[in-house]
Novice: 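Got a structure for you, questions after.
Numbers here are sequence positions counted from 1.
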Amino acid sequence: MLSDYLTVKETGQHEIVIDKSRFIAHIARATTEEEAISFIQSIKKEHNSATHNCSAYLIGETDNIQKANDDGEPSGTAGVPMLEVLKKRELKDTVAVVTRYFGGIKLGAGGLIRAYGKSVSEGLNHIGVVQRQLHQIVHITVDYTLLGKMENELRNSVYPIKEMNYLDKVEIQMYVPIKEADSFKDWITDLTNAQSEIEFGEEEYLEKGHI
């Protein structure tokens, strides 16, 4: 699993008009090729009267699945520039469909390449991009005598608290970036003078906004 990567924030769409043609970018996450194809088909069904529904997607930790489709536009003028925008923005697991309603003015090959690329780029700016960072859930168990000091330090740290359970002892769950798990464990050990139980739990992605 990647320690962190960028992807689209959520499923969304954004429309621009170029020389009277409407270009509607539809962008979503897709972790499998089946998900990407399903999304493309749903857009084609929704916009079955459109002149073109061009698409591009890249999937996998190493972008091992990449596809681009011009859907009737001149070869290389739609799907490929769309895919290039996704790659330039360093996105993972993302699918884009640009629906075009022809406005009567031909754009030429260069104009089409710019239009489809711009549609995806502005669509991403409108919908948003997030960074997904892999975290280790760290379980800490301490006596109540250490709670005051511990809670103050944890709440003032950069690490989010997942939950706190007040049982026979205090059980605290923290989100810690996977790369920092060992150093975090050392910090807690020092903080509690080795009077805590620390266990590494499951791994989970957290998301934060990205510019």
Side-chain angles (χ1 to χ4, degrees), residues 1-12 27-39 42 56-67 83 85-96 123-211:
M1 298 173 73
L2 292 172
S3 61
D4 62 84
Y5 66 93
L6 302 177
T7 190
V8 66
K9 181 180 179 181
E10 58 193 356
T11 301
I27 306 173
R29 289 186 196 178
T31 56
T32 66
E33 189 163 23
E34 289 75 19
E35 287 180 8
I37 292 170
S38 177
F39 179 73
S42 70
Y57 55 85
L58 44 78
I59 296 166
E61 292 186 7
T62 59
D63 304 332
N64 52 303
I65 301 174
Q66 298 184 25
K67 294 289 175 64
L83 181 61
V85 171
L86 300 181
K87 291 164 70 173
K88 186 176 180 181
R89 298 286 284 267
E90 298 182 338
L91 300 182
K92 304 283 185 188
D93 295 345
T94 303
V95 55
L124 288 169
N125 292 341
H126 176 76
I127 298 165
V129 169
V130 293
Q131 181 187 43
R132 302 196 81 214
Q133 189 175 41
L134 188 62
H135 284 66
Q136 184 95 54
I137 298 176
V138 181
H139 300 257
I140 307 165
T141 305
V142 295
D143 289 326
Y144 280 88
T145 53
L146 292 170
L147 178 59
K149 179 182 179 181
M150 277 284 294
E151 187 172 5
N152 184 58
E153 290 286 346
L154 293 176
R155 293 195 184 281
N156 287 322
S157 75
V158 297
Y159 306 107
I161 297 174
K162 184 174 187 283
E163 62 181 70
M164 296 181 71
N165 297 310
Y166 302 93
L167 305 171
D168 292 341
K169 292 186 176 182
V170 185
E171 297 179 0
I172 307 166
Q173 294 182 35
M174 304 289 296
Y175 286 113
V176 181
I178 202 81
K179 294 177 179 178
E180 301 174 31
D182 289 334
S183 60
F184 177 83
K185 182 177 181 179
D186 292 340
W187 177 56
I188 295 298
T189 300
D190 290 342
L191 188 63
T192 61
N193 295 317
Q195 299 300 305
S196 58
E197 297 175 24
I198 305 168
E199 293 183 1
F200 291 156
E202 60 271 37
E203 297 174 355
E204 186 176 323
Y205 279 105
L206 295 186
E207 299 180 1
K208 63 180 180 179
H210 181 81
I211 298 174

Novice: Between K92 and E61, is there a donor-acceptor pair closer than 3.5 Å when you use the side chain of the first and the backbone of the second?
Specialist: yes

Novice: Rounded to the nearest 0.5 Å, what separation is found between the OH atom of Y166 and the CD1 atom of I172?
Specialist: 7.5 Å

Novice: Please name the pair of heavy atoms, one in I27 and one in A96, separated by the smallest distance, quoted to 0.1 Å.
Specialist: CG1-CB, 4.2 Å

Novice: With sequence neighbours left out, write down each residue that passes side-chain hydrogen bond (donor to acceptor under 3.5 Å, both in side chains) with N152, or none if nothing qualifies.
Specialist: N156

Novice: Distance check, rounded to the nearest 0.5 Å: I198 atom CD1 versus T192 atom OG1?
Specialist: 6.0 Å

Novice: Taking all atoms of both residues into account, what is the closest heavy-atom pair of V142 and K169, and its distance?
Specialist: O-CB, 3.3 Å

Novice: Report, as yes or no, whether the 6.0 Å neighbourhood of atom CD on E90 holds more than 12 heavy atoms from other residues, nucleotides or ligands.
Specialist: no

Novice: Can you tell me how far the CD atom of Q131 sits from the CG atom of D4, to the nearest 0.5 Å?
Specialist: 5.0 Å

Novice: Is there a donor-acceptor pair under 3.5 Å between the side chain of R29 and the backbone N or O of T11?
Specialist: no

Novice: Does a salt bridge link K162 with E202, judged by any charged N lying under 4.0 Å from a carboxylate O?
Specialist: no

Novice: Tell me, do L58 and L83 make a side-chain contact under 4.5 Å, heavy atoms counted?
Specialist: yes

Novice: After noting the C-alpha distance and the side-chain angles of Q195 and D143, does the key distance pass the side-chain contact (heavy atoms from CB on, under 4.5 Å) rule?
Specialist: CA-CA 8 Å; Q195 299 300 305; D143 289 326; 5.7 Å; no

Novice: Side-chain contact test, heavy atoms from C-beta onward, threshold under 4.5 Å: evaluate it for E207 versus R132 and give yes or no.
Specialist: yes

Novice: Between the side chains of R155 and E151, is the shortest nitrogen-to-carboxylate-oxygen separation below 4.0 Å, so that they form an ion pair?
Specialist: yes

Novice: Only counting residues at least two apart or in another chain, list the ones meeting ring-ring contact (aromatic ring centres under 6.0 Å, His included) with Y144.
Specialist: none

Novice: Could you pull out every donor-acceptor pair under 3.5 Å between side chains of residues 31-39 and any protein atom, sequence neighbours left out?
Specialist:
residue: T31; atom: OG1; partner: E35; partner atom: OE1; Å: 3.2
residue: T31; atom: OG1; partner: E35; partner atom: OE2; Å: 3.2
residue: T32; atom: OG1; partner: E35; partner atom: N; Å: 3.1
residue: E33; atom: OE2; partner: Y57; partner atom: OH; Å: 2.6
residue: E33; atom: OE2; partner: K67; partner atom: NZ; Å: 2.8
residue: E35; atom: OE1; partner: T31; partner atom: N; Å: 2.8

Novice: Applying side-chain contact (heavy atoms from CB on, under 4.5 Å), name anything that partners Q136, two or more places apart in sequence or on another chain.
Specialist: V138, I178, A181, F200, E203

Novice: Who pairs with E10 by side-chain hydrogen bond (donor to acceptor under 3.5 Å, both in side chains), at least two apart in sequence or on another chain?
Specialist: none

Novice: When you measure from the side chain of N165 to the backbone N and O of V170, does any donor-acceptor pair fall under 3.5 Å?
Specialist: no

Novice: Side-chain contact, heavy-atom cut-off 4.5 Å: L147 with M164?
Specialist: yes

Novice: For the CG atom of L86 and the OG1 atom of T94, what is their distance to the nearest 0.5 Å?
Specialist: 6.0 Å

Novice: Please give me the minimum heavy-atom distance between Y159 and Y175, naming the atom from each residue.
Specialist: CB-O, 3.6 Å

Novice: Return the set of residues passing side-chain hydrogen bond (donor to acceptor under 3.5 Å, both in side chains) with K185 (not counting sequence neighbours), or none when no residue passes.
Specialist: none

Novice: Determine whether more than 12 heavy atoms belonging to other residues, nucleotides or ligands lie under 6.0 Å from atom CG of N64.
Specialist: yes

Novice: Out of curiosity, L6 CG to D93 CG, how far, rounded to the nearest 0.5 Å?
Specialist: 11.5 Å

Novice: I'd like to know whether E163 forms a side-chain contact (heavy atoms from CB on, under 4.5 Å) with I137, so could you lay out the CA-CA distance, the side-chain angles of the two residues, the decisive distance to 0.1 Å, and finally the verdict.
Specialist: CA-CA 10 Å; E163 62 181 70; I137 298 176; over 6 Å; no

Novice: Find the distance between CZ (F184) and NE2 (H135) and round it off to the nearest 0.5 Å.
Specialist: 11.0 Å

Novice: For the residue pair L124 and L91, establish whether any side-chain heavy-atom pair is separated by less than 4.5 Å.
Specialist: yes

Novice: How close do L154 and S157 get, counting heavy atoms only, and between which atoms?
Specialist: O-OG, 2.7 Å

Novice: How are the rings of Y5 and Y205 set to each other: parallel, tilted or perpendicular (split at 30° and 60°)?
Specialist: perpendicular

Novice: At their closest point, which heavy atom of L206 faces which heavy atom of P160, and how far apart are they?
Specialist: CD1-CG, 4.3 Å

